[in-house]
2 protein chains.
Amino acid sequence: MEDAADALAGTSTTVAGRIALAIHEHRIAPGAKLGEDDLGEIFGVSRTVVRTALQRLAHDRLVTIQRNRGAFVAQPGLREAREVFEARALLEPRTARSAAQRMTPDSIALLQAHITAEHDALDQGDPGRALRLSGLFHIEIARIADQATIFGFITQLVAQSSLIIALYWQRRTALCESHAHHALIRALADGDGDQAEELMKGHLLDLVSSLDLRPKATPPINLRDALT
Amino acid sequence: MEDAADALAGTSTTVAGRIALAIHEHRIAPGAKLGEDDLGEIFGVSRTVVRTALQRLAHDRLVTIQRNRGAFVAQPGLREAREVFEARALLEPRTARSAAQRMTPDSIALLQAHITAEHDALDQGDPGRALRLSGLFHIEIARIADQATIFGFITQLVAQSSLIIALYWQRRTALCESHAHHALIRALADGDGDQAEELMKGHLLDLVSSLDLRPKATPPINLRDALT
DNA sequence: GGCGACAATATTGTATACAATTTTTGATTA
DNA sequence: TAATCAAAAATTGTATACAATATTGTCGCC
């Protein structure tokens, strides 16, 4: 439906989708320069289409464009990080409730397949892929809820979360234990909207608490920001 | 801060902003073709910058781009119309509550100035401008709440609402009676978050009920869409 | 050796040219 | 007259060329 979601799904073949995929799987670090000529050469297209892709990604807050300086992988600050999860806390629990009322056997199977794929990725030692699939799980719930507008917002927020996790995850804690996702599936499959909403709310709180969002917790990546 | 908000404020001098302004003030009808050459000539720039602008507007759902066919002013359907207002109902009441806790004398003056300007526009027989300012009122509240992420979402939703109103407003009812906005200002100025949240919720319900969102209520505007 | 100005380089912003696709038009025929 | 098909026109998609701006390197001077 939307290319931003396709990027997280890994099914997008567009330039924007392929860049986004690399960002989501943490193969490009926040702050990295995204030169137009470089990308054009890598993908075998002209700067025109690269620019279009970068502008799309900038609108999704995955990329920052500075006039006459170029595009960089975004580095969400602490404030933005908190805001993203506050927005998720506002949107996703209610969306999970809606989804619970719209579950079909296919939907259940789809969500379970996602968890399985996430496990497989972890077993194969590909944490980047596992992380991406974990975000995709949230997006699929939003898709099931069948509200395109909110689905778009959640897609963007999950994508931003990927960057935030790259920057602020304290590796001491387990990220997105699949336990929470399993419990969510159960509530959704039962059509128990109340519990789904509650579980999602708790799950998002767990997610935030697995991050280190204390002031000045992150090493300065951008020299200018750090030294001026 | 964001260009989408600047467009509603009428302070944007970019191509995207000027097109958006015309859409918001209903000077371009939903479904209208936005040819790249035409726009380029009007604004005295090349197609390159026009394309950039159109892509930005497409991302904000103000414009629809069809591959190899061009850009058109969006025509949100009934479903999208409902979804936009459901999303607003989810985001704006909570945002009004946050704003109530952050009001300053300047903020109050700003909101009151908006209401005054809206009245003036109506007196001067410029309903398009009045409608735009009425939407801007909601955006200013979101700005006061000081959450950039949600602010961006609300900005987009208010902009889409402008199109929805153009398509589905049943002119029998008064739109956005300033009474509701006055009451909101009072609650916000008092720092009464509970009441601000409740007033905003009710205000949005009034807005929806002033629209005619019954199935097949709208005549087909685009012949091609209707007959193929 | 450090600092500042200026030149060289590299990169982005914009315009234009060409290719691909769609839409229109009009001639031809049943 | 209506339908069909092909050629022409118009429009968008992409690539390239040029202009503007920022960055980097170098030289001279203190």
Side-chain angles (χ1 to χ4, degrees), chain A residues 2-3 6 12-19 23 28-75 220-228, chain B residues 2-3 6-7 12-20 23 28-75 220-228:
Chain A
E2 307 213 5
D3 199 47
D6 293 343
S12 173
T13 59
T14 65
V15 172
R18 292 180 66 180
I19 297 174
I23 294 176
I28 318 180
K33 176 74 187 285
L34 298 172
E36 298 181 356
D37 274 322
D38 299 340
L39 294 170
E41 184 146 0
I42 290 170
F43 294 117
V45 294
S46 79
R47 279 179 52 216
T48 309
V49 46
V50 170
R51 278 177 76 81
T52 300
L54 290 175
Q55 282 157 0
R56 240 187 51 71
L57 294 172
H59 202 180
D60 289 338
R61 302 271 192 275
L62 245 58
V63 157
T64 302
I65 294 180
Q66 297 179 319
R67 177 164 181 103
N68 285 320
R69 296 219 36 238
F72 306 82
V73 179
Q75 302 182 71
I221 293 170
N222 189 319
L223 292 181
R224 181 177 303 273
D225 292 348
L227 305 175
T228 57
Chain B
E2 308 211 5
D3 201 46
D6 293 344
S12 173
T13 59
T14 65
V15 173
R18 292 181 66 181
I19 298 174
I23 294 176
I28 317 179
K33 176 73 187 286
L34 298 172
E36 297 180 356
D37 273 324
D38 298 341
L39 293 170
E41 183 146 359
I42 291 170
F43 294 117
V45 294
S46 80
R47 279 179 51 216
T48 307
V49 47
V50 170
R51 277 178 78 81
T52 301
L54 290 175
Q55 281 157 0
R56 240 187 51 70
L57 295 173
H59 202 137
D60 289 339
R61 302 272 193 273
L62 245 57
V63 157
T64 302
I65 294 180
Q66 297 179 323
R67 178 164 179 104
N68 285 319
R69 296 222 33 239
F72 305 82
V73 178
Q75 303 183 71
I221 293 173
N222 191 320
L223 291 182
R224 181 172 306 274
D225 292 348
L227 304 176
T228 57

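Every chain is numbered from 1 and lettered A, B, ... according to where its sequence line falls, protein lines coming before strand lines.
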| Who pairs with B:S46 by side-chain contact (heavy atoms from CB on, under 4.5 Å), at least two apart in sequence or on another chain? | B:T48, B:V49
| field | Distance in angstrom units between B:Q66 CD and D:dT11 C1', rounded | value | 13 Å
| task | Give the rounded distance in Å between these two atoms: CZ of A:F72 and C1' of D:dA22. | result | 11 Å
| said: Checking B:E36 now: which residues fulfil side-chain hydrogen bond (donor to acceptor under 3.5 Å, both in side chains) with it, not counting sequence neighbours? | reply: B:R47, B:R51
| With sequence neighbours excluded, residues passing side-chain contact (heavy atoms from CB on, under 4.5 Å) with B:A29 | none
| said: Expressed as a whole number of angstroms, how long is the span from B:R69:CZ to C:dT22:P? | reply: 10 Å
| said: Without decimals, in angstroms, what is the distance between B:D37 CG and D:dA9 P? | reply: 17 Å
| request: Take atom NZ of A:K33 and atom P of D:dA22, then tell me their distance rounded to the nearest Å. | output: 13 Å
| request: Can you run down the ring-ring contact (aromatic ring centres under 6.0 Å, His included) pairs that involve residues 48-67 of chain A, sequence neighbours left out, and say none if there aren't any? | output: A:H59-B:H59
| remark: Here the distance between atom P of C:dT12 and atom CD of A:Q55, to the nearest Å, is 12 Å
Can you give me the N/O atom pairs linking the protein to nucleotides 14-20 of chain D at distances under 3.5 Å, or say none if there are none?
residue	atom	partner	partner atom	Å
D:dA15	OP2	A:S46	N	2.9
D:dA15	OP2	A:S46	OG	2.8
D:dA15	N7	A:T48	OG1	2.7

Quick one: side chains of residues 13-20 of chain B, donor-acceptor pairs under 3.5 Å with protein atoms, not counting sequence neighbours, listed by atom name and distance.
residue	atom	partner	partner atom	Å
B:T14	OG1	B:D3	OD2	3.2
B:T14	OG1	B:S12	OG	2.9
B:T14	OG1	B:G17	N	3.0

| said: Using side-chain heavy atoms (C-beta onward) and a distance below 4.5 Å, is A:L39 in contact with A:L54? | reply: yes
